[in-house]
There are 2 protein chains.
Amino acid sequence: MPPAKPSLELLRSLTDEHVLQALICEQRLTRAEIAARTGISKPTVGESVRRLTEAGLLRDTGERTTGRGRIGSYYALAPDLGVALVVGIAPEGVVAEAMDVRGQLVAREHEEVGRPARPEQVAQALRAVAERVLADTGRARLAVVSAADPVDRASGRLVHLPDAPFLVGELSPVEVLASLLAGPVTVDNDVNWAARAERAASGPESLDDFVYLYLGEGLGCAVVADGEVRRGSGGLAGEIAHVLTRGPGGHAVAFTDVFADLRLRQHHSTALDVDRLLSAVDTDGDRADETLAALAEAVCGVISALVAVTDPQLVVVGGAWGTHPAVLQAVSDRAAELPRSVPLRPAQITTQPALSGARAEALRDLRAAISTRRQQPT
Amino acid sequence: MPPAKPSLELLRSLTDEHVLQALICEQRLTRAEIAARTGISKPTVGESVRRLTEAGLLRDTGERTTGRGRIGSYYALAPDLGVALVVGIAPEGVVAEAMDVRGQLVAREHEEVGRPARPEQVAQALRAVAERVLADTGRARLAVVSAADPVDRASGRLVHLPDAPFLVGELSPVEVLASLLAGPVTVDNDVNWAARAERAASGPESLDDFVYLYLGEGLGCAVVADGEVRRGSGGLAGEIAHVLTRGPGGHAVAFTDVFADLRLRQHHSTALDVDRLLSAVDTDGDRADETLAALAEAVCGVISALVAVTDPQLVVVGGAWGTHPAVLQAVSDRAAELPRSVPLRPAQITTQPALSGARAEALRDLRAAISTRRQQPT
DNA sequence: AACTCTAGTCAGGAGTGTTGCCCAAACTGC
DNA sequence: GCAGTTTGGGCAACACTCCTGACTAGAGTT
């Protein structure tokens with residue numbers, strides 16, 4: 001992209017952006033503080049604050065400085081800048097939250113759905129919670145959706161893959177939510193959101209290339225390369241059910257088929273029976289050891305493929321049975337023998353990892369939407 | 001990254017950038033033409049041209065417009081803006097080229113190296129060709145290196161992986177070339193460069209997510225996600241020798257071991273014996289069919305892993321035996337039966353694909369280095 | 001010879017950011 | 001209680017960039 005054409009207007013909007021950015025970071029500031037933070041001169045900041053206040057983006061909070069010196073006025077972002085909608089869709093139910101530009105939740109609703117979930121049911125629940133959450137605030141400026149199924153990148157629809165369990169079902173969050181929104185909808189897989197949350201939680205240390213392996217009722221994985229989740233052309237990157245691995249007898253079988261062989265699937269479904277798996281592993285005896293060894297072998301086959309293709313600095317393991325201590329230990333031990341070994345660790349974020357990643361994205365997008373709005377409409 | 005601090009100087013440098021950019025695209029332009037192209041007003045362009053000419057970045061070519069109207073002066077980039085060094089390192093030998101900001105080769109040298117290549121030999125040859133190429137131009141402003149071995153991302157060193165053939169050997173192009181350069185060195189694997197060239201050749205149609213599978217003496221692959229080659233944390237993404245696939249008897253074996261089983265490796269090496277492979281495939285008879293089927297099965301196991309992990313829109317196949325018609329056909333046929341099938345096609349660029357990708361990068365970097373140089377030193 | 005066309009320049013003006021100075025108001029110390 | 005200090009804010013002057021519109025120069029065209 002060529003840099004923007006130089007013009008005075010560009011300069012001015014850049015100044016406004018800096019001022020808004022400062023107030024996004026700091027909540028409330030006087031004009032002098034903004035000037036000190038941004039390095040922009042006081043008169044310029046004063047002018048920018050005047051413009052932004054007139055435009056309704058900033059507000060004099062009424063608070064005044066105390067202490068030495070002349071009293072100053074604190075300015076802050078206007079409280080009515082709109083909210084972002086954060087949505088989590090899982091087979092158990094639907095959650096919706098409204099978040100303001102400060103990152104504070106202004107509303108939260110959830111609704112459970114009986115299993116197996118029918119798509120119309122989920123859609124209806126989704127619509128309902130979103131409406132309730134936005135009842136007080138009006139249309140949301142954007143929405144970020146986490147869904148427990150593969151998501152088509154272009155359309156945002158939940159899609160079904162062969163031999164993968166369809167947990168939620170055919171559903172288009174974009175269409176369901178369209179009328180409640182005044183902006184874009186971002187839909188992605190829950191594992192991808194969890195990976196983003198994990199990256200954010202890793203702090204300033206750069207966790208730019210890693211893999212988040214999700215081992216639960218479904219089998220999934222998120223690939224983070226150069227600091228971003230990579231979704232592939234259709235959004236289906238990381239759908240590892242069909243990766244060949246080493247199954248019973250040393251045969252090459254698809255990852256998902258290992259669980260059929262081990263009789264760890266739910267009836268009439270390709271979804272894993274997690275309870276059965278965990279109890280099989282927890283029972284003492286040779287049988288449990290065999291199962292553990294088979295699982296570790298299969299998982300490590302997948303890990304070796306992930307390592308070969310993406311060269312991660314770390315493999316994060318999440319999901320109900322992947323983080324089970326015995327499983328994790330068995331997998332780690334086996335992984336250490338791989339030709340290219342990679343550190344393994346359980347996910348750090350365990351409570352609502354996907355939703356927390358989606359929240360962070362929603363906040364970033366909402367702030368960007370506010371601070372980069374060039375061209376104020378008269 | 002927060003946007004640059006607004007200032008008058010920023011505006012001016014933006015104008016200069018636009019002017020330089022226009023002359024990078026168009027070779028020679030009059031001030032009026034620059035104004036028309038960039039949308040900047042004539043007086044401003046005139047001022048910018050004056051500045052840049054004084055700084056030595058632009059030059060009045062002496063050419064004048066003909067036709068109706070007042071004669072105008074053509075300006076062009078100064079001819080002494082420096083060159084980029086493009087280097088290709090392969091087991092057969094070393095190539096070096098010097099390229100100017102117009103993308104024209106001003107010098108080219110190559111030197112063959114006997115096989116097996118010893119690292120010191122290669123380093124010496126590299127140094128020699130680079131010196132010869134830069135003899136007339138002085139230090140290069142940057143270098144782009146393509147190497148036929150895995151490259152460590154942080155250091156740019158060629159590295160050895162277990163069970164992968166070390167074609168060139170322990171070598172640090174950065175150190176070898178350091179004294180000939182006045183800028184950064186970019187080192188990457190030849191397959192990655194070939195993939196970039198392939199992407200560039202695909203034209204305006206967006207080929208943003210694909211996989212370049214290289215099947216030659218070595219086995220490699222490049223992963224392009226969201227328009228960029230993804231190298232992984234250490235630069236070893238795509239080193240697929242150890243991906244599990246289906247070998248003889250349906251057993252799960254590492255990709256590279258399939259060739260040991262098929263006796264298609266060179267003696268005392270993990271490198272493939274390409275000649276033997278091709279003749280085995282070309283001989284008519286059941287034996288050839290068996291070999292073909294085994295190869296197709298093994299390759300498709302790897303492809304299914306690549307597809308699962310990266311979800312490419314396309315798999316490009318390159319390399320000496322991968323593009324052999326019989327092999328390609330067998331692989332395509334087998335790949336169509338995969339649970340998630342993906343189009344396959346041979347590489348479009350067949351002559352020096354890696355070098356051509358490296359050239360494009362060198363040109364882009366060189367132009368960026370010139371056009372974004374803020375702050376002209378007095 | 002007059003007209004047309006075009007590259008380049010000049011003059012004036014609008015808009016932006018900066019420096020430096022001053023003022024107002026609150027606290028601090030005597 | 002009073003002077004000194006400290007701090008946010010405002011004002012004026014200046015420097016700089018870009019733009020518009022008019023103008024000039026010089027060659028081809030009629």
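Labels below follow one simple rule: chain letters A, B, ... track the order of the sequence lines, proteins then strands, and each chain is numbered from 1.
- If you take NE2 of B/His18 and P of D/dC19, they are 11 Å apart, rounded to a whole angstrom.
- Electrostatic pairing of B/Glu63 and B/Arg28 counts as a salt bridge here, judged by a charged N lying under 4.0 Å from a carboxylate O.
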Go through the steps for B/Glu9 and B/Ser7 under the test side-chain hydrogen bond (donor to acceptor under 3.5 Å, both in side chains), then give the verdict. CA-CA 5 Å; B/Glu9 185 194 324; B/Ser7 74; 5.1 Å; no
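- In the region residues 58-75 of chain B, proximity to DNA chain C at under 4.0 angstrom, judged on heavy atoms, holds for B/Arg68, B/Gly69, B/Arg70, B/Gly72, B/Ser73.
- Atom CZ in B/Arg12 sits about 15 Å away from atom P in D/dC19, given to the nearest Å.
- Think of the region where chain A sits on DNA chain C: with heavy atoms and a 4.0 Å cut, that region ends 5' and 3' at C/dT16 to C/dT28.
- Nearest heavy atoms, A/Ser371 versus A/Ile24: CB-CD1, 4.3 Å.
- Residues B/Leu8 and A/Lys42 each lie close to DNA chain C; by heavy-atom proximity, the contact nearer the 5' end of the strand is made by B/Leu8.
- Within the nucleic acid shown, B/Ser41 comes within 4.0 Å of at least one base atom, counting heavy atoms only.
- Salt-bridge check for B/Asp100 with B/Arg367: failed, with every basic side-chain N at 4.0 Å or more from each acidic carboxylate O.
- Ion pairing of A/Glu361 with A/Arg364 is present here, as a side-chain N (NZ or NE/NH1/NH2) and a carboxylate O approach within less than 4.0 Å.
- The CD-P distance, from A/Glu47 to D/dC11, rounds to 11 Å in whole Å.
- Taking both residues in full, the closest heavy atoms of A/Ala84 and A/Leu366 are given as N-CD2, 3.8 Å, listed atom of the first, atom of the second, then distance.
- For the pair B/Glu33 and B/Arg37, the salt-bridge criterion is not met [side-chain N within less than 4.0 Å of a carboxylate O].
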Worked check of side-chain hydrogen bond (donor to acceptor under 3.5 Å, both in side chains) between A/Arg59 and A/Tyr75: CA-CA 6 Å; A/Arg59 179 157 303 186; A/Tyr75 285 81; over 6 Å; no
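- As judged by a 4.0 angstrom heavy-atom cut-off over every strand, A/Thr15 is placed among residues touching the sugar-phosphate backbone only.
- Residue contacts shown for A/Thr44 include a base, since a base heavy atom lies under 4.0 Å away.
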